[in-house]
Amino acid sequence: MPEQPFVLPEFYLPHPARLNPHLEGARVHSKAWATRLDMIDVPQHGTVIWTEHDLDSHDYALLCAYTHPDAGAEELDLITDWYVWVFYFDDHFLELYKRTGDIESARTYLGRLELFMPADGEITAKPENPVERGLADLWARTVPHRSTGWRKRFIASTKALLDESLWELANINEGRLANPIEYVEMRRKVGGAPWSANLIEHSVHAEVPDEIAASRPLEVLRDCFADSVHLRNDLFSYQREVQDEGELSNGVLVFEEFLGIPTQRAADAVNDLITSRLHQFEHTAFTEVPALFDEHGVDPAARAATFAYVKGLQDWQAGGHEWHLRSSRYMNEGALAGRGGPELGAAAGLGTSAARVFASVLATAPQRLRAYSHTPFGEVSTPRPSFEVPFPLRLSPHLESCRRRNVDWARRTGFLDGVVWDERKLRAADLPLCAAGLHPDATADELDVTSDWLTWGTYADDYYPAVFGPARDLAAAKAANLRLSACMPLDGSPAPAPLNALESGLADLWARTAPAERLPVRRAVDTMTSSWLWELANQAHNRIPDPIDYIEMRRRTFGSDLTTALARRGAVPAELAGTRPVRTLENSAGDYAALLNDLYSYRKEIRFEGELHNGVLVVRNFLDCAEDRAFAVVGDLARARLAEFRHAADVELPVLLAGRGLAPDALGGFVERLENWMAGIAHWHENVGRYTDTELGHHPRLGQPTGLGTSALRISSLLPAGR
């Protein structure tokens with residue numbers, strides 16, 4: 001056996017693993033099931049996927065006994081069959097399609113699997129191979145016992161797990177390695193952990209209530225679970241996947257190549273990310289989920305079901321780690337030495353488990369403490385960045401007149417009262433310049449609307465930390481969000497009378513927004529203002545965000561959804577809006593712009609505002625590296641997301657359109673709008689005065705009274721009466 005490419009790191013293991021007592025029965029049952037379905041020693045297109053030894057040594061019954069320790073015997077048999085099926089699918093797809101690169105046959109093969117996942121009714125298609133036979137059998141034994149909401153979630157996660165195998169295959173054919181942000185997003189789908197989370201609900205007989213299933217806290221719990229499971233698997237499977245199979249979809253390899261570091265350091269960085277995601281899981285479960293229950297009036301039974309689900313996710317994490325230590329499928333030589341565990345015949349007492357948990361918590365404590373120990377308003381030594389405009393820049397001919405009207409509009413709405421903004425700050429921000437690049441073909445009226453929306457969003461982004469941050473008044477911020485939503489009625493009902501400049505500006509913009517655009521715009525505004533509550537909560541705890549949570553929330557805090565909603569204007573048909581290439585275009589463009597903003601605003605935010613939500617600071621904290629190194633990494637991430645946008649536009653989108661029988665330029669207008677969006681934002685950052693030394697020299701912290709009493713007197717004028 002070849003030498004291991006790295007030493008497995010010290011893992012964060014906050015929960016002891018437990019072993020289901022029905023393990024032996026599940027082993028016997030799953031082997032008989034797999035044999036009956038021709039998964040064992042039966043060639044598929046001339047290739048034997050598994051021998052009996054393969055199935056025995058992989059020991060998927062042990063995986064399920066660890067990850068579902070409280071399941072009954074019959075339930076454990078069913079869960080084990082599901083995992084035998086999914087691992088067989090993975091190896092079947094590898095041998096028949098990944099190794100051959102036959103993407104067209106792979107697409108046909110995956111398309112047929114949808115026939116065996118009906119949301120309602122019987123399966124009518126006839127299975128033709130072990131994967132189809134297994135899916136048909138499992139579907140009939142599982143889905144009828146679950147609610148409509150659960151079925152929809154399970155179908156979506158199963159379909160994503162199957163379909164995104166094409167993404168891996170396409171990357172192998174191109175020899176293309178994903179960037180870290182893209183990798184984490186796609187690994188969630190193709191890695192199957194969201195699918196596992198659905199099965200946890202089934203095994204513990206506790207479904208997450210539909211009214212909160214799509215909320216941010218539950219999404220974060222699922223995503224943290226998925227990322228931790230997948231990245232852990234990447235560490236254990238690096239030798240098999242990268243060195244034997246030529247796989248490119250592995251987090252250690254992605255970090256190794258993107259950061260330009262040796263394999264051992266890349267493995268350690270991946271493990272640090274696992275730890276960070278588990279810390280995020282705990283933070284969300286303890287702080288956000290209880291508040292979510294109260295907000296939605298979730299009844300006691302549904303609360304208990306949700307906590308049973310959360311406990312199931314924790315059990316899976318602990319058990320999955322134990323299985324990776326034992327399965328012959330993975331690189332784990334020496335990992336169990338002197339360790340013991342809940343496997344039969346090994347030390348498994350309470351003291352043994354507690355000692356391991358304590359040791360892992362102690363080893364990862366410095367990483368947790370770093371996230372809460374940042375000292376604000378520190379010195380900044382990095383130079384001002386400079387990025388070229390990524391696409392041809394065109395500016396609206398109405399720019400100069402728009403600038404004049406924008407100042408008049410801001411004055412009428414009350415933005416220029418000298419508390420959050422004054423006229424100098426507005427002119428330094430020069431949002432019409434940004435609008436002129438985003439929408440170069442807009443009429444004068446359309447450019448005014450875009451410019452004023454950008455101005456409102458930027459003012460609001462400054463308003464929230466200035467008004468609600470010093471007092472850590474999250475309740476007032478939530479009340480403000482509800483008021484802002486009420487200023488955007490969708491049914492034609494009258495909006496409440498504005499109580500401050502923020503509401504006045506929004507009410508004016510809502511009246512000028514075309515009715516057809518109002519629903520996506522309102523959703524985008526609600527998403528943006530809700531994300532500012534997340535920022536305020538982190539600020540109150542002096543907590544630097546987890547890097548993945550930061551990137552995903554940064555799209556919201558930056559307002560990418562709002563400006564994309566204004567730019568889309570019906571350019572994407574509904575049936576294409578949620579497809580991977582379209583979402584990749586939107587997310588990569590949004591990340592490019594947001595990361596660019598982090599680089600240009602770094603000095604302003606860190607030195608003068610005491611901000612925690614900046615990508616450079618997040619990378620500095622996560623990698624525990626020097627400021628200039630973090631600055632370079634964020635710049636590389638921005639460029640990588642831009643390259644991903646180009647790849648999606650040039651390679652992935654044409655394949656999608658051809659597969660739907662659409663013309664190659666069917667979404668050309670949408671792509672062009674996003675290119676204009678990025679060009680306009682890049683040009684604005686390079687030329688606007690908001691981030692220059694001249695304007696930072698006039699920052700309120702330098703030369704203006706900023707004591708607590710002064711701040712309170714000035715800010716009190718912005719709050720609604722009665723607060």
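Only heavy atoms go into these numbers, but all of them, side chains included; no hydrogens, no water, no symmetry mates. These numbers come from a predicted model, not from an experiment.
Expressed to the nearest 0.5 Å, how far CG of Asp272 lies from CZ of Arg277 amounts to 14.0 Å. From Arg405, atom CZ reaches atom CD of Glu400 across 11.0 Å, with rounding to the nearest 0.5 Å. For the atom pair CG (Leu416) and CG (Asp422), the distance works out to 7.5 Å, reported to the nearest 0.5 Å. Taking CE of Met186 as the reference point, atom CG of Asn171 lies at 8.5 Å (rounded to 0.5 Å). Note that CG of Asn250 is 4.0 Å distant from CG of Asp234, once rounded to the nearest 0.5 Å. Atoms CG and CG, from Asp448 and Leu509 in turn, are 10.5 Å apart once rounded to the nearest 0.5 Å.
Of the residues Arg187, Arg188, Arg232, the one that meets the side-chain contact (heavy atoms from CB on, under 4.5 Å) test with Asp227 is Arg188. Under the salt bridge (Lys or Arg N to Asp or Glu O under 4.0 Å) test applied with Glu182, the options Lys189, Arg583, Arg176, Arg641 reduce to a single match, Arg176.
Put simply, the side chain of Tyr183 gets close to the backbone of Gly251: a donor and an acceptor are under 3.5 Å apart. Put simply, the side chain of Thr458 never gets that close to the backbone of Thr455: no donor and acceptor are under 3.5 Å apart. Remark: side-chain polar atoms of His230 are paired, donor with acceptor, to backbone N or O of Ala193 under 3.5 angstrom. Listed for the Asn542 side chain is a donor-acceptor partner under 3.5 Å among the backbone atoms of His374. A donor-acceptor pair is defined here as one N or O able to donate and one able to accept, closer than 3.5 Å; such a pair exists between the side chain of Glu627 and the backbone of Ser381. Of the possible polar contacts, none joining the Ser560 side chain to the Arg556 backbone as a donor-acceptor pair under 3.5 Å is found. No donor-acceptor pair closer than 3.5 Å links the side chain of Ser451 to the backbone N or O of Leu447. In this structure, the side chain of Arg472 engages the main chain of Ala540 through a donor-acceptor pair within 3.5 Å. Asp598 contributes no side-chain N or O that, together with a main-chain N or O of Asn614, makes up a donor-acceptor pair within less than 3.5 Å. Using a distance-only test at 3.5 Å, with no hydrogens or angles considered, no donor-acceptor pair links the side chain of Glu644 to the main chain of Asn179.
Of all non-hydrogen atoms in Leu674 and Ala589, the two that sit nearest each other are CD2-CB, 4.5 Å. Between Glu686 and Phe387, the shortest heavy-atom contact is OE1-N, 3.7 Å. Smallest separation of non-hydrogen atoms from Leu454 and Ala435: CD1-N, 3.7 Å.
With a 4.5 Å cut-off on side-chain heavy atoms, Val270 and Val252 count as touching. A 4.5 Å side-chain heavy-atom check between Phe281 and Val220 finds every atom pair outside the cut-off. Between Trp532 and Asp461, some side-chain heavy-atom pair lies under the 4.5 Å cut-off. Using a 4.5 Å cut-off on side-chain heavy atoms (C-beta onward), Glu174 and Val651 make contact. In this structure, the side chains of Asp693 and Arg384 stay at 4.5 Å or more apart for every pair of heavy atoms. Residues Pro194 and Arg222 are not in side-chain contact: their nearest non-hydrogen atoms beyond the backbone lie 4.5 Å or more apart. The closest side-chain heavy-atom distance from Glu282 to Arg368 is below 4.5 Å. Using a 4.5 Å heavy-atom cutoff, the side chains of Thr557 and Met528 are not in contact.
A salt bridge links Asp636 and Arg639; the closest N-O separation between the charged side-chain nitrogens and carboxylate oxygens is under 4.0 Å. In this structure, Asp430 does not pair ionically with Arg690, as no charged nitrogen and carboxylate oxygen lie closer than 4.0 Å. Remark: Arg554 does not engage Asp591 in a salt bridge, criterion side-chain N to carboxylate O under 4.0 Å.
Using the six-membered ring where Trp is involved, Tyr463 and Tyr459 have ring planes that are tilted, between 30° and 60° apart. Using bins of under 30°, 30° to 60° and over 60° for the plane-to-plane angle, the ring pair His283/His541 lands in the perpendicular bin.
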For this session: Output, in order, the C-alpha distance, side-chain angles, deciding distance and verdict of side chain to side chain contact (heavy atoms under 4.5 Å, CB included) for Cys224 and Leu278.
Result: CA-CA 6 Å; Cys224 289; Leu278 291 174; over 6 Å; no
For this session: List the steps, then state whether side-chain hydrogen bond (donor to acceptor under 3.5 Å, both in side chains) holds for Gln280 with Thr284.
Result: CA-CA 6 Å; Gln280 176 69 46; Thr284 303; 3.1 Å; yes
Problem set entry | Leu612/Ile544 under side chain to side chain contact (heavy atoms under 4.5 Å, CB included): CA gap, chis, key distance, verdict | CA-CA 6 Å; Leu612 296 171; Ile544 299 174; 4.0 Å; yes
For this session: Could you walk me through whether Asp561 and Arg523 pass salt bridge (Lys or Arg N to Asp or Glu O under 4.0 Å), step by step?
Result: CA-CA 8 Å; Asp561 288 346; Arg523 286 174 176 167; over 6 Å; no
Exercise. Could you walk me through whether Arg394 and Glu672 pass the salt bridge (Lys or Arg N to Asp or Glu O under 4.0 Å) check?
Worked result: CA-CA 12 Å; Arg394 295 187 297 122; Glu672 182 182 5; 3.7 Å; yes
Problem set entry | Audit row: Asp628, Thr382, side-chain hydrogen bond (donor to acceptor under 3.5 Å, both in side chains) steps and yes/no | CA-CA 6 Å; Asp628 58 346; Thr382 54; over 6 Å; no
Exercise. Step by step, would you call Thr413 with Leu502 a side chain to side chain contact (heavy atoms under 4.5 Å, CB included)?
Worked result: CA-CA 8 Å; Thr413 57; Leu502 195 60; over 6 Å; no
For this session: Take His685 and Tyr691 through the test ring pair (Phe, Tyr, Trp, His ring centres under 6.0 Å) and record every step on the way to the result.
Result: CA-CA 8 Å; His685 277 96; Tyr691 308 113; 5.7 Å; yes
Problem set entry | Steps toward side chain to side chain contact (heavy atoms under 4.5 Å, CB included) verdict (Val582, Phe670) | CA-CA 9 Å; Val582 171; Phe670 170 66; 4.0 Å; yes
Problem set entry | Residues Trp456, Asp508; criterion side-chain hydrogen bond (donor to acceptor under 3.5 Å, both in side chains); working and verdict | CA-CA 10 Å; Trp456 181 86; Asp508 177 84; over 6 Å; no
For this session: Tell me, with the steps shown, if Arg216 and Asp549 meet salt bridge (Lys or Arg N to Asp or Glu O under 4.0 Å).
Result: CA-CA 11 Å; Arg216 169 190 146 77; Asp549 197 36; 3.1 Å; yes
For this session: Given salt bridge (Lys or Arg N to Asp or Glu O under 4.0 Å), test Glu652 with Arg580 step by step and report yes or no.
Result: CA-CA 9 Å; Glu652 296 180 24; Arg580 183 168 55 78; 3.0 Å; yes
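The 12-atom threshold is not exceeded at CZ of Arg265, counting heavy atoms of other residues, nucleotides or ligands nearer than 6.0 Å. The neighbour count for Phe286 CZ, taken as heavy atoms of other residues, nucleotides or ligands under 6.0 Å away, does not exceed 12.
Checked against a 6.0 Å centroid threshold, the rings of His613 and Trp534 count as neighbours.
Geometrically, Arg370 does not engage Phe622 in a cation-pi contact defined by less than 6.0 Å to the ring centre and at most 45° from the axis.
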